[in-house]
Structures are given as C-alpha cells and as structure tokens.
Amino acid sequence: MVAFLSLRDAVAECVRDGDTVAMEGFTHLIPFAAGHEVIRQGRRDLTLVRMTPDLMYDQMIGMGCARKLIFSWGGNPGVGSLHRLRDAVERGWPHPLELEEHSHAAMANAYAAGAAGMPCAIFRGYLGTDLPEYNPNIRFIECPFTGERLAAIPSIRPDVAIIHAQRADRQGNVLIEGIVGVQKEAVLAAKRALVTVEEIVDDLQAPSPNSVILPHWTITAIAEVPGGARPSYAHGYYKRDNAFYTAWDGISRDRDTFLAWMREHVLEAEPGSPLGWRV
C-alpha cells in the first residue's frame with residue numbers, strides 16, 4: 001500500500017546507499033526537491049540514471065552522491081556545460097565518476113524493457129555510430145526471423161524511481177500532465193517508486209489528452225511538496241525559472257562558490273523549501 005510521508009521520511013524509506021536511482025522528468029516536473037533531500041541525507045555510491053541529466057544531477061554529483069551516471073545527454077539546457085559533472089569526469093572531484101552513455105532512443109527502450117520485466121532492450125539503432133566502441137553495454141544481435149542486425153542493451157530496472165507530478169488523490173493514484181517523458185516507464189521498472197506532488201486532492205479531475213495516471217499499486221511513497229520541481233516547471237502550476245538556469249553557470253564553475261551555495265540553499269534549507277532559488 002502506498003504511504004503518504006514527509007519528504008524527509010519518504011527519501012529515508014526509499015533511497016539507500018549504493019542504489020541505482022532514476023530521477024526522471026522531461027524539461028518539466030524535474031524532482032529537484034527530492035534530489036535535494038537525497039543530498040541532505042548524505043546518500044553515497046549511487047548509480048544515477050536519467051535521459052537528460054541537468055542541474056539536479058550536477059548538484060548531486062558535485063556533492064558526492066554519485067558513483068556512476070547512465071545517461072543520453074548532459075548539459076545546462078540553453079546555457080552550456082554542467083561544470084560539476086565535468087569536474088568529476090575530468091579531474092575526479094569530489095571523486096571519479098563512471099559514465100555509461102546511450103542515445104535517447106536506447107534509454108527509452110531500456111526503460112520500457114525494464115517495465116516489462118525483460119533483461120534487455122532490442123531496437124534499431126547505433127548502426128554507423130562509434131558509441132559501441134566506448135560503451136561495452138551496447139551489443140548487436142541478429143533477428144532470428146529476418147536476419148536483421150539489431151542493437152541490444154541491458155534493460156533499466158532501478159532500485160528506486162523518483163518523479164514529480166501535479167496531483168495525487170487520497171488513494172495514492174498520481175496524475176502527470178503536460179510534456180510526458182519516461183516517468184511512467186521508470187516507475188513501472190523500479191523496485192520502489194517515490195512521487196512528490198504539488199498537492200493531494202480528493203479528485204484528480206478530468207485529465208488532459210496528454211496525461212498519465214499511475215495507479216496507487218505502482219507507488220511506494222508520496223510526499224506533498226508544493227514547488228517541488230522548481231527551478232523547472234510544473235504545467236498548470238508555475239513557470240520555468242530561466243534566470244536560474246543562466247545563473248547556475250556562474251555558481252557551478254568554481255568549487256568553493258558551488259559548495260557555499262549548496263550549503264546555504266540546500267543543506268541548511270528546509271525540505272521542499274522553494275526559497276533556495278532566489279539568487
């Protein structure tokens with residue numbers, strides 16, 4: 001049965017040292033508040049999975065949470081590099097970071113395969129590229145029916161998936177609206193699922209055409225965290241804080257500036273507080 005918990009208790013219940021953690025949300029509904037609580041609780045040796053790691057994973061990597069990153073693109077959208085990610089890869093600070101890079105299509109197929117309980121994903125892709133030379137988890141097989149050469153990679157089956165959504169009802173059903181990425185697949189593929197939501201309601205209301213309802217039996221814990229996706233946006237609730245994405249480039253370039261910002265706005269902030277985004 002789904003548990004309704006505080007953000008602190010939900011992270012303590014769902015996220016453990018050494019876990020493979022998928023925190024998904026495509027351009028919006030990025031679970032920043034949950035990521036900050038993972039940092040506050042000092043989780044270590046995590047394998048972080050995300051199709052498009054951006055500022056949240058930059059912060060988690062810079063604070064020493066991650067051992068490995070499985071991803072398909074990484075950057076500060078519309079701005080440039082992730083400087084804490086680059087520092088970990090290029091200089092081993094705060095410690096070395098292992099990378100496993102894929103294409104978007106591969107990641108989406110791997111989540112879908114994990115949700116289906118399959119050991120690997122098989123799809124058309126990677127032909128004519130050099131990424132298989134650098135990623136030993138990209139293999140090729142021959143279709144037994146057509147002889148076609150197909151790509152195969154391990155399915156993604158996280159220990160825990162963490163997402164942010166607009167609403168949950170009191171039975172634990174969750175509504176996601178707007179741009180939908182692979183949140184559904186990540187939740188269905190994971191052993192445990194933590195969802196932060198803008199609000200808990202009696203009625204989820206009529207969903208829009210582009211929406212997903214996750215039934216309560218797919219969820220481990222729900223935490224009500226208004227503003228839990230900031231500085232990304234939540235469709236129908238608040239806009240993207242574009243100024244912060246620009247400001248992060250300067251904050252994250254220098255280790256001491258980064259650590260001071262994280263100490264003030266994350267480590268010493270109340271769980272779920274949006275005040276940390278005032279720069």
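Minimum heavy-atom separation, Gly181 to Glu185: O-OE1, 4.0 Å. For Ile200 against Glu224, the heavy-atom pair with the smallest separation is N-OE2, 3.0 Å. Contact detail for Gly25 and Ile30: the closest heavy-atom pair is O-CG1, 3.5 Å. Nearest approach of Pro215 to Thr218, heavy atoms of both residues: O-OG1, 2.7 Å. Across all their heavy atoms, Glu24 and Arg50 have their closest contact at OE2-CA, 3.1 Å. Scanning both residues, Pro154 and Ala110, for their nearest heavy atoms gives O-CB, 3.7 Å.
Checking side-chain atoms of Glu177 against main-chain N and O of Ser208 turns up a donor-acceptor pair under 3.5 Å. Proximity of a side-chain donor or acceptor of Thr20 to a complementary backbone N or O of Pro158 within less than 3.5 Å is not detected. No donor-acceptor distance shorter than 3.5 angstrom exists from the side chain of Asp169 to the backbone of Asp203, with no hydrogens or angles considered. Side chain of Asn76 to main chain of Leu82: no donor-acceptor pair is present (N/O by atom type, distance under 3.5 Å, no hydrogens or angles). Under the 3.5 Å distance criterion, the side-chain polar atoms of Thr146 are left unmatched by any main-chain donor or acceptor of Cys143.
Note that the OG atom of Ser81 and the CG atom of Asp249 stand 8.0 Å from one another [nearest 0.5 Å]. The OG atom of Ser6 sits 11.0 Å away from atom CD of Glu13, with the distance rounded to the nearest 0.5 Å. For the atom pair OH (Tyr57) and CG (Leu48), the distance works out to 4.5 Å, reported to the nearest 0.5 Å.
Residues Glu133 and Asp130 are in side-chain contact: their nearest non-hydrogen atoms beyond the backbone lie under 4.5 Å apart. Annotation: side chain of Ser103 is not in contact with side chain of Leu131 (no heavy-atom distance under 4.5 Å). Between Leu55 and Phe244 the shortest side-chain heavy-atom distance falls below 4.5 Å. Using a 4.5 Å heavy-atom cutoff, the side chains of Arg230 and Arg240 are not in contact. No side-chain heavy atom of Ile162 sits less than 4.5 Å from a side-chain heavy atom of Thr196. At a threshold of 4.5 Å between non-hydrogen side-chain atoms, the residues Val15 and Gln41 do not count as touching. Taking the side chain as every heavy atom from C-beta outward, Glu101 and Tyr134 never approach each other to under 4.5 Å. Residues Thr47 and Asp19 form no side-chain contact, since every pair of their non-hydrogen atoms from C-beta on lies 4.5 Å or further apart.
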Does the pair His164 and Gln183 meet the rule for a side chain to side chain donor-acceptor pair (under 3.5 Å), with working shown? CA-CA 9 Å; His164 188 73; Gln183 295 100 313; over 6 Å; no
Set out, in order, the CA-CA distance, both residues' side-chain angles and the distance that settles side-chain contact (heavy atoms from CB on, under 4.5 Å) for Leu204 and Asn173, then state yes or no. CA-CA 8 Å; Leu204 289 179; Asn173 304 300; 4.0 Å; yes
Please evaluate residues Arg8 and Glu37 with respect to the criterion side-chain contact (heavy atoms from CB on, under 4.5 Å), reporting the C-alpha separation (whole Å), side-chain torsions for both, the decisive distance (0.1 Å), and the verdict. CA-CA 7 Å; Arg8 180 184 287 113; Glu37 185 57 26; 3.5 Å; yes
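Applying the ring pair (Phe, Tyr, Trp, His ring centres under 6.0 Å) rule to pairs touching residues 223-242 yields His28-Tyr233, sequence neighbours excluded.
No more than 12 heavy-atom neighbours from other residues, nucleotides or ligands sit within 6.0 angstrom of CZ on Phe26. A 6.0 Å sphere centred on CZ of Arg255 holds more than 12 heavy atoms belonging to other residues, nucleotides or ligands.
Put simply, Val11 and Met262 are part of the same group of oily side chains (I, L, V, M, F, W, Y) that touch within less than 4.5 Å, one to the next. Linking ILVMFWY side-chain heavy atoms closer than 4.5 Å, directly or via other members, places Leu194 and Met56 in a single hydrophobic cluster. A single hydrophobic cluster is not seen to contain both Tyr245 and Met51; linkage of ILVMFWY side chains at heavy-atom distances under 4.5 Å, directly or through other members, places them apart.
Taking a cutoff of 4.0 Å between a charged side-chain nitrogen and a carboxylate oxygen, Asp159 and Arg192 do not qualify as a salt bridge. Between Arg84 and Asp58 there is no salt bridge, since no side-chain nitrogen of the basic residue lies less than 4.0 Å from a carboxylate oxygen of the acidic one. Taking the charged nitrogens against the carboxylate oxygens, Arg67 and Glu98 do have a contact shorter than 4.0 Å, which makes a salt bridge. By the 4.0 Å N-to-carboxylate-O rule, Glu100 lies close enough to Lys68 to be salt-bridged with it. A salt bridge links Arg124 with Glu148; the closest basic N to acidic carboxylate O contact falls under 4.0 Å.
Exactly one of Val182, Val197, Leu214 qualifies for a side-chain contact (heavy atoms from CB on, under 4.5 Å) with Ile163. That residue is Leu214.
Aromatic ring orientation, His102 versus Tyr126: tilted (interplanar angle from 30° to 60°).
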